[in-house]
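Values in this document were obtained by computation on a predicted structure and should not be read as measured data. Side chains included, hydrogens not; waters and symmetry mates left out as well; all remaining heavy atoms used.
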Amino acid sequence: MGLTRAAALELASYRVRVNAIAPASPIRAPRYGMSEEELQAAGRQVPLGRMGTPEDVADLAVFLACEESRHITGQTIHVNGGQYLY
């Protein structure tokens, strides 16, 4: 997070935006050794009630790359379904 903020500060005068995406567990991706039941149980522990998907992370990356996010820089955005609210 510190590197993201420092880089954003250094590059702002060049109109370069620097942000970090911090996907947290559980993101539903191929996992060795976890049954479907275990994956669903992990999803129930998330405030939004489901595991994240790779698409959830990709959608944020696309947003940060588009013009609509032109005034966002130096941020670390957590993709975790509210997991850090506890």
inquiry  = Suppose the criterion is salt bridge (Lys or Arg N to Asp or Glu O under 4.0 Å): which pairs have a residue in residues 74-86, not counting sequence neighbours?
reply    = none

ask   = Which residue pairs satisfy the salt bridge (Lys or Arg N to Asp or Glu O under 4.0 Å) criterion with at least one member in residues 3-23, sequence neighbours excluded?
value = none

request  = Apply the test side-chain contact (heavy atoms from CB on, under 4.5 Å) to residues M1 and T4: give CA-CA distance (whole Å), side-chain angles for both, the deciding distance (0.1 Å), then the verdict.
outcome  = CA-CA 5 Å; M1 291 189 304; T4 299; 5.6 Å; no

ask   = Who are the salt bridge (Lys or Arg N to Asp or Glu O under 4.0 Å) partners of E36, not counting sequence neighbours?
value = R28

ask   = Other than V18, which residues form its hydrophobic cluster under the rule that side-chain heavy atoms must be closer than 4.5 Å?
value = L11, Y14, V16

Taking every non-hydrogen atom, the tightest pair across C66 and S69 = O-OG, 3.0 Å

ask   = Is there a chain of hydrophobic side chains (I, L, V, M, F, W, Y, each step under 4.5 Å between heavy atoms) that links V79 to V62?
value = no

inquiry  = Walk me through whether M51 and V46 qualify under side-chain contact (heavy atoms from CB on, under 4.5 Å).
reply    = CA-CA 7 Å; M51 295 181 75; V46 176; 5.6 Å; no

inquiry  = Suppose the criterion is side chain to side chain donor-acceptor pair (under 3.5 Å): which pairs have a residue in residues 43-61, not counting sequence neighbours?
reply    = R50-D56, T53-E55, T53-D56

task = Indicate the atoms forming the closest heavy-atom contact of P47 with G82, along with that distance.
result = CG-O, 3.2 Å

task = Quick one: list whatever passes side-chain contact (heavy atoms from CB on, under 4.5 Å) with P54, sequence neighbours left out.
result = I27

ask   = Is a donor on one side and an acceptor on the other found under 3.5 Å between the side chain of N19 and the backbone of G74?
value = yes

message = Rounded at 0.5 Å granularity, tell me how far CD1 in I21 sits from CD1 in I77.
response = 7.0 Å

request  = Go through the steps to decide whether T76 and H78 satisfy the test side-chain contact (heavy atoms from CB on, under 4.5 Å), and finish with yes or no.
outcome  = CA-CA 6 Å; T76 299; H78 300 273; 4.0 Å; yes

